[in-house]
J.: 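Pasting in a structure now, in structure tokens, and then I'll have a few things to ask.
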Amino acid sequence: MNEAEPFTYDGGRVDPGERQNVRYTVSETYMGDPVRIPVTIINGGRPGPTGFLSAAAHGDELNGIEVVREVAHDWDHADLAGTLVCLPVLNVPAFLAQERYLPIYDRDLNRSFPGDGDSTSAKRMAARIFDNFLDPCDFGIDFHTSTRGRTNMLHVRGDTDDAGVERVAKAFASNVIISSEGPSGSLRRETSDAGTPTITVEMGEAHRFQRPLIDTALDSVRSVLAEFGMLETAVVSWPGWRTVIEDSDEKTWIRADAGGLVDMHHERGKMVPEGNTICTITDPFKAGDTTIRAPFTGLLVGVLENPLVYPGNPLCHLVRLDDRTQRAVERNTPSESVD
Ligand SMILES: [Zn+2]
């Protein structure tokens with residue numbers, strides 16, 4: 001077997017059996033002070049692949065931060081084979097402002113990869129992160145939540161036409177995988193295109209630590225590390241049922257045709273039979289009742305949390321389930337009355 005190798009980045013090196021907490025400079029503020037992101041690199045004593053875990057590319061999406069922190073600092077890495085690169089807060093300026101985008105001209109860091117050292121501030125930041133900590137890895141997991149005001153059931157996004165990405169996606173063992181290349185400039189697409197198969201994990205809502213989702217995601221990270229042989233003791237999980245759907249983009253979001261206040265009849269992650277009411281929209285007089293019904297039997301992958309809509313605002317992300325998956329979902333869900 002090969003010898004374990006050091007992990008190197010611009011300005012540092014982590015030898016086998018060592019761990020490092022680094023505050024890594026990716027930019028400078030208006031004050032001329034460094035903008036530094038927290039990075040923990042754990043190089044196991046045994047040889048193996050290198051994987052990254054990243055979160056808060058959108059500064060207000062917090063659930064993933066806790067997943068990455070717990071893996072980095074609460075797990076015992078005594079028998080780790082290979083190297084883990086843990087990046088709990090990628091977008092520090094947005095994190096400090098508790099906003100989604102970089103406060104500098106509202107740039108989306110997650111559309112700025114792989115970055116460019118001679119371009120905009122966002123692309124320079126992205127390049128420092130990409131070149132040093134993402135591109136050297138053999139696989140990656142980037143954690144997100146829904147945009148504020150909405151919530152997502154825990155699911156994976158990745159391009160399952162890419163065998164490497166499919167391997168990470170399946171090992172993560174979520175019920176739902178939404179397959180697409182991802183937008184140009186997004187972390188997962190650019191790292192995957194550059195040879196580091198990467199998935200996005202969507203979980204819950206912005207501005208929260210949601211413990212049940214965090215615990216599930218931690219089990220899934222363990223499963224991915226097992227798939228890559230990094231943890232001898234862990235086994236690859238099977239989620240009980242799984243559906244892989246092709247992303248048809250915004251068409252999958254059902255949008256409001258009326259403005260008003262929304263009464264959602266189901267929670268995120270619930271299966272809604274065709275024709276059942278998903279939600280109703282009423283005005284301040286509780287009149288003008290508009291009923292939104294499921295156009296097909298599907299799973300509520302994403303739903304509104306903030307109950308106010310203009311016409312055109314998204315209400316829910318309903319994902320169509322085939323008959324076999326429907327039966328599997330029913331077998332795995334405790335029975336309850338539907339409306
Ligand atoms: Zn996000």
Side-chain angles (χ1 to χ4, degrees), residues 4-16 18-29 32-44 48-59 64-65 68 71-72 82-95 101-102 104-105 107-144 158-159 162 164-165 168 181-201 228 230:
E5 289 177 2
F7 180 88
T8 58
Y9 55 93
D10 179 16
R13 165 194 174 106
V14 187
D15 285 315
E18 281 185 357
R19 61 180 295 144
Q20 245 177 50
N21 291 330
V22 191
R23 291 178 188 268
Y24 195 75
T25 300
V26 295
S27 188
E28 290 177 10
T29 70
D33 298 323
V35 172
R36 301 186 301 176
I37 64 165
V39 187
T40 298
I41 300 148
I42 304 148
N43 195 339
T50 300
F52 74 82
L53 306 175
S54 58
H58 294 134
I65 296 176
V68 179
V71 171
T83 301
L84 277 176
V85 180
C86 300
L87 304 144
V89 186
L90 287 177
N91 192 340
V92 164
F95 176 71
Y101 299 125
L102 280 162
I104 315 143
Y105 307 123
R107 294 262 185 191
D108 189 346
L109 182 63
N110 203 31
R111 296 291 181 276
S112 304
F113 290 100
D116 180 344
D118 297 318
S119 184
T120 63
S121 56
K123 286 191 175 172
R124 289 178 190 219
M125 245 180 255
R128 292 282 287 166
I129 297 168
F130 190 89
D131 295 344
N132 286 292
F133 302 112
L134 309 181
D135 198 38
C137 293
D138 299 302
F139 68 90
I141 307 173
D142 187 35
F143 291 93
H144 286 255
D159 182 7
D162 176 327
V165 175
V168 185
E181 275 190 303
S184 174
S186 64
L187 187 153
R188 77 164 160 101
R189 172 159 176 183
E190 300 301 336
T191 46
S192 297
D193 283 355
T196 301
T198 299
I199 59 168
T200 295
V201 174
F228 283 84
M230 295 176 76

J.: Checking the side chain of T120 only, and the main-chain atoms of K123 only, is there a donor and an acceptor separated by less than 3.5 Å?
T.: yes
J.: For residues V14 and E18, report the shortest heavy-atom separation together with the two atoms involved.
T.: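 Taking V14 first and E18 second, the nearest heavy atoms are CG1-O, 3.5 Å.
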J.: Of the non-hydrogen atoms in L109 and A57, which two are nearest, and what is the gap between them?
T.: CB-O, 3.9 Å
J.: Answer yes if the side chains of T200 and D142 hold a donor-acceptor pair under 3.5 Å, and no otherwise.
T.: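 Judged by distance alone, the side chains do not pair up.
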J.: Within the side chain of S192, is there an N or O that forms a donor-acceptor pair under 3.5 Å with the backbone of R188?
T.: yes
J.: Mark yes or no for whether D138, through its side chain, and T196, through its backbone, hold a donor-acceptor pair below 3.5 Å.
T.: no
J.: Just by distance, do the side chain of Q20 and the backbone of I41 share a donor-acceptor pair under 3.5 Å?
T.: no
J.: Run the salt bridge (charged side-chain N to carboxylate O under 4.0 Å, His left out) test against R13 and tell me which residues pass, sequence neighbours left out.
T.: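 Partners of R13 under the salt bridge (charged side-chain N to carboxylate O under 4.0 Å, His left out) test: D15.
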J.: Do the rings of F139 and F228 sit parallel, tilted or perpendicular, given the 30° and 60° boundaries?
T.: parallel
J.: Who pairs with E5 by side chain to side chain donor-acceptor pair (under 3.5 Å), at least two apart in sequence or on another chain?
T.: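 Checked E5 against side chain to side chain donor-acceptor pair (under 3.5 Å); zero matches.
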J.: Quick one: are the ring centres of F133 and F52 less than 6.0 Å apart?
T.: no
J.: Which pair of non-hydrogen atoms, one from V68 and one from L87, has the smallest distance, and what is that distance?
T.: CG1-N, 3.7 Å
J.: Tell me, please, which residues at least two apart from Y24 pass side chain to side chain donor-acceptor pair (under 3.5 Å).
T.: R128, N132
J.: With the side chain counted from C-beta on, respond yes when I65 and F143 share a heavy-atom pair under 4.5 Å apart, and no when they do not.
T.: no
J.: Quick check: closest heavy atoms across I37 and L90, and the distance to 0.1 Å?
T.: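 Result for this residue pair: CG2-O, 3.4 Å.
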J.: Before you tell me yes or no, could you show the steps for T191 and T198 under side chain to side chain donor-acceptor pair (under 3.5 Å), namely the whole-Å CA-CA distance, both residues' side-chain angles and the distance that decides it to 0.1 Å?
T.: CA-CA 6 Å; T191 46; T198 299; 2.9 Å; yes
J.: Is a donor on one side and an acceptor on the other found under 3.5 Å between the side chain of R19 and the backbone of A72?
T.: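 Yes, the answer is positive, given that a donor and an acceptor are paired below the 3.5 Å cut-off.
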